[in-house]
Undergrad: 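The structure's right below; bear with me while I get my questions together.
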Amino acid sequence: MGSEGRAAPAPWRSGTSPEKDRMERIETHLSYGGRQEVWKHLSTTLGCEMRLGVYLPPQAPQRPRECPVLYWLSGLTCTEQNFITKADAQRTAARLGCIIVAPDTSPRGATVPNDEAYDLGQGASFYLNATEPPWATHFQMYDYIVKELPMLVEAQFESASTRLRSIFGHSMGGHGALMIALKNPDRYASVSAFSPILAPSRVPWGIKAFTAYLGEDRSTWAQWDSSELLAQATAKLPLRIDQGLNDEFLASQLQTENFSAVCERANYPLNLNLHPGYDHSYYFIASFMEEHIEFHHRAWLR
């Protein structure tokens with residue numbers, strides 16, 4: 001069905017470190033002159049097999065260590081497939097010459113804890129490091145995204161810049177992208193989000209997840225909450241948020257207006273774009289994906 005299986009991808013793959021041998025390509029599709037691939041590997045951080053989508057632009061073979069890497073974090077229930085098949089990010093990434101990496105949203109597998117609800121367990125990591133049983137053994141997504149994943153990507157793909165990284169995401173992944181960037185402003189050139197959960201410590205999705213993963217002591221939650229982190233931030237990254245005003249979760253889960261007020265009090269520049277009529281779906285994301293990638297591209301050129 002258009003997949004080229006595991007045919008040798010010599011121009012797209014390189015590296016001599018042991019990390020390279022940990023990854024196995026399981027899908028590849030020609031897209032806008034580049035390649036949309038899916039890879040799997042055994043994560044030492046999460047203790048399970050993980051999958052990730054990687055888009056390599058057509059410029060990649062001729063640009064060793066020069067292609068900026070944009071990390072995408074998806075929302076509740078998603079896998080790597082949602083973004084790579086629905087967001088139409090490949091077209092703009094091909095034009096601007098950037099790599100996009102879209103990992104799965106959580107550890108998965110028969111030995112990984114889970115919950116019957118969609119908003120806890122597999123598919124609902126909230127991109128933090130869990131401290132409570134049974135989650136702590138596997139749910140270390142913060143360390144995976146910040147440490148292990150870039151190491152693997154930069155070892156596997158010789159075109160990947162080790163200097164220019166940015167991060168963005170949607171909903172739970174928007175929370176993850178903002179939280180990770182605010183905690184690591186030296187690692188990312190910019191950050192953006194679609195419909196992010198901006199104050200997880202104070203909304204139902206976040207309270208449920210934080211209680212399970214971090215425990216009842218709410219004093220430990222602030223380090224994973226973007227509103228709390230931004231209020232204390234000293235470094236200021238380029239920050240963009242797009243929010244649909246017909247989003248069914250806007251009032252109850254996302255806290256966009258309150259986050260904007262936090263930014264104003266902290267004198268933290270925020271590029272906030274409110275869109276009448278748009279909802280929480282990938283129809284919304286695809287409509288403004290080009291603008292987000294261009295936003296990050298401008299940050300890379302600074």
Undergrad: Is R65 reaching over with its side chain to a backbone N or O of E154, donor-acceptor style, under 3.5 angstrom?
TA: yes

Undergrad: Decide side chain to side chain contact (heavy atoms under 4.5 Å, CB included) for R22 and E148; before the verdict, give the C-alpha distance in whole Å, the side-chain angles of both, and the deciding distance to 0.1 Å.
TA: CA-CA 12 Å; R22 291 169 53 187; E148 184 178 12; 2.3 Å; yes

Undergrad: Please tell me whether S201 and E228 have a donor and an acceptor in their side chains that are separated by less than 3.5 angstrom.
TA: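 No, because no side-chain N or O of S201 sits under 3.5 Å from a partner of the opposite role on E228.
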
Undergrad: With rounding to the nearest 0.5 angstrom, report the CD to CG distance, E264 to L272.
TA: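 Result: 11.5 Å between the selected atoms.
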
Undergrad: What is the ring orientation for F139 with W135, classed by angle as parallel under 30°, tilted 30 to 60°, or perpendicular over 60°?
TA: perpendicular

Undergrad: Run E248 and D279 through side chain to side chain contact (heavy atoms under 4.5 Å, CB included) and show every step you take.
TA: CA-CA 7 Å; E248 62 183 300; D279 57 22; over 6 Å; no

Undergrad: What's the shortest heavy-atom distance between I100 and A89, and which atoms?
TA: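 Heavy-atom minimum between the residues: CD1-CB, 3.7 Å.
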
Undergrad: With no hydrogens and no angle check, just 3.5 Å: does a side-chain donor-acceptor pair link D88 and Y32?
TA: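 Yes, side-chain donor-acceptor contact under 3.5 Å.
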
Undergrad: Looking at R51 and E27, is any side-chain nitrogen of the basic one under 4.0 Å from a carboxylate oxygen of the acidic one?
TA: no

Undergrad: Go through the steps to decide whether D186 and N184 satisfy the test side chain to side chain contact (heavy atoms under 4.5 Å, CB included), and finish with yes or no.
TA: CA-CA 5 Å; D186 57 328; N184 300 276; 4.2 Å; yes

Undergrad: Below 4.5 Å, heavy atoms only, C-beta onward: do S171 and W205 meet side chain to side chain?
TA: yes

Undergrad: Among the clusters formed by ILVMFWY side chains lying less than 4.5 Å apart, do F288 and Y283 turn up in the same one?
TA: no

Undergrad: Using the rule that Ile, Leu, Val, Met, Phe, Trp and Tyr join whenever any side-chain heavy atoms are under 4.5 Å apart, tell me whether I207 and V203 fall into a single cluster.
TA: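 Yes; V203 is reachable from I207 via cluster members.
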
Undergrad: Under 4.5 Å between any side-chain heavy atoms of L245 and L250, yes or no?
TA: yes

Undergrad: What distance do M141 atom CE and L128 atom CG have between them, rounded to the nearest 0.5 Å?
TA: 9.5 Å

Undergrad: Flag the pair F157 / E37 as yes when at least one side-chain heavy-atom distance between them is below 4.5 Å, and no otherwise.
TA: yes

Undergrad: Just wondering, do K183 and V146 contact through their side chains at under 4.5 Å, heavy atoms?
TA: no

Undergrad: Using the benzene-type ring in the case of Trp, are the ring centres of Y144 and H41 under 6.0 Å apart?
TA: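 Yes, the ring of Y144 comes within the 6.0 Å limit of the ring of H41, centre to centre.
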
Undergrad: Once rounded to the nearest 0.5 Å, what's the spacing between atom CD of Q59 and atom CD1 of I99?
TA: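 Interatomic distance, Q59 CD to I99 CD1, rounded to 0.5 Å: 10.0 Å.
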
Undergrad: Quick check: closest heavy atoms across L76 and D119, and the distance to 0.1 Å?
TA: CD2-CA, 4.0 Å

Undergrad: Measuring only between side-chain heavy atoms, which start at C-beta, is Y268 closer than 4.5 Å to L237?
TA: yes

Undergrad: Determine yes or no for a side-chain-to-main-chain donor-acceptor pair under 3.5 angstrom, with E66 supplying the side chain and S161 the backbone.
TA: no

Undergrad: If only atom types and distance count, is the side chain of Q140 paired as donor or acceptor with the main-chain N or O of A130 below 3.5 Å?
TA: yes

Undergrad: With rounding to the nearest 0.5 angstrom, report the CG to CE distance, D225 to M179.
TA: 9.5 Å

Undergrad: Would you call I293 and C98 a side-chain contact if the rule is heavy atoms closer than 4.5 Å?
TA: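 In contact.
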
Undergrad: Hey, any chance I285 and F295 share a hydrophobic cluster, counting ILVMFWY side chains that come within less than 4.5 Å of each other, even indirectly?
TA: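 No: no chain of side-chain contacts under 4.5 Å links I285 to F295.
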
Undergrad: Report the distance from atom CZ of F259 to atom CD1 of I197, rounding to the nearest 0.5 Å.
TA: 13.0 Å

Undergrad: For the residue pair I167 and A177, what are the closest heavy atoms and their distance?
TA: CG2-O, 3.7 Å

Undergrad: Does E294 CD have over 12 foreign heavy atoms under 6.0 Å away?
TA: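 More than 12 heavy atoms, drawn from other residues, nucleotides or ligands, come within 6.0 Å of this atom.
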
Undergrad: Looking only at non-hydrogen atoms, find the nearest pair between P57 and G97 and report the distance.
TA: CG-C, 3.7 Å

Undergrad: Over 60° means perpendicular and under 30° means parallel, so tell me whether W224 and Y142 are parallel, tilted or perpendicular.
TA: perpendicular

Undergrad: Short question: side chain of Q90, backbone of G34 - any donor-acceptor pair under 3.5 Å?
TA: no

Undergrad: Is there a donor-acceptor pair closer than 3.5 Å between any side-chain N or O of Y213 and the backbone N or O of A136?
TA: no

Undergrad: Keeping K86 on the side-chain end and A286 on the backbone end, is there a donor-acceptor pair under 3.5 Å?
TA: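 No, because the side chain of K86 does not come within donor-acceptor range (under 3.5 Å) of the backbone of A286.
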
Undergrad: Report yes if some heavy atom in the side chain of L178 is under 4.5 Å from a heavy atom in the side chain of L230; otherwise report no.
TA: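 Counting from C-beta outward, L178 and L230 never come under 4.5 Å.
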
Undergrad: So, for F126 and H175, is the gap between ring centers shorter than 6.0 Å?
TA: yes

Undergrad: Answer yes or no: is there a donor N or O on one side and an acceptor on the other, between the side chain of W221 and the main chain of G215, under 3.5 Å?
TA: yes

Undergrad: In terms of relative ring orientation, are Y282 and H170 parallel, tilted or perpendicular, with 30° and 60° separating the classes?
TA: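 Judged by the thresholds at 30° and 60°, the geometry between Y282 and H170 is perpendicular.
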
Undergrad: Testing the basics here: between H138 and G47, what is the closest heavy-atom pair and its distance to 0.1 Å?
TA: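 Closest heavy-atom pair between H138 and G47: CE1-O, 3.4 Å.
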
Undergrad: For the backbone of T105 and the side chain of S125, can you confirm whether one donor and one acceptor N or O come within less than 3.5 Å of each other?
TA: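 It does hold such a pair.
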
Undergrad: Taking all non-hydrogen atoms of both residues into account, name the closest pair between D104 and T79 and its distance.
TA: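 Shortest heavy-atom separation between D104 and T79 comes out as OD1-CA, 3.3 Å.
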
Undergrad: So, does Q255 use its side chain to make a donor-acceptor pair with the main chain of A199 at under 3.5 Å?
TA: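 Here the side-chain-to-backbone pair does not exist.
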
Undergrad: Taking the six-membered ring for Trp, are W72 and F168 parallel (under 30°), tilted (30 to 60°) or perpendicular (over 60°)?
TA: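 Judged by the thresholds at 30° and 60°, the geometry between W72 and F168 is perpendicular.
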
Undergrad: Starting from the C-alpha separation in whole Å, work towards a yes-or-no answer on side chain to side chain contact (heavy atoms under 4.5 Å, CB included) for L254 and H280.
TA: CA-CA 11 Å; L254 306 183; H280 199 73; 4.3 Å; yes

Undergrad: Side chains of S166 and S190: do they bring a donor and an acceptor to under 3.5 Å?
TA: yes

Undergrad: Whether the side chain of H275 engages the backbone of Q243 through a donor-acceptor N/O pair (distance < 3.5 Å, no angle test) should be reported.
TA: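 Not at all, since once roles are kept as given, no pair shorter than 3.5 Å links the two residues.
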
Undergrad: Just wondering, more than 12 heavy atoms not from K147 lying within 6.0 Å of its NZ?
TA: no

Undergrad: If you define the side chain from C-beta out and look only at heavy atoms, does anything of L270 sit under 4.5 Å from S260?
TA: yes

Undergrad: Do the side chains of K40 and E80 get close enough for a salt bridge, i.e. N-O under 4.0 angstrom?
TA: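 No, no charged N to carboxylate O under 4.0 Å.
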
Undergrad: Measuring from atom CD of Q36 to atom CG of L30, what distance do you get when rounded to the nearest 0.5 angstrom?
TA: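 Separation between the atoms: 11.0 Å.
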
Undergrad: In the single-linkage hydrophobic clustering (I, L, V, M, F, W, Y; side-chain heavy atoms under 4.5 Å), do F83 and I26 co-cluster?
TA: yes

Undergrad: Check I241, D247, D242 against S195 for a side-chain contact (heavy atoms from CB on, under 4.5 Å) and give me the one that passes.
TA: D247

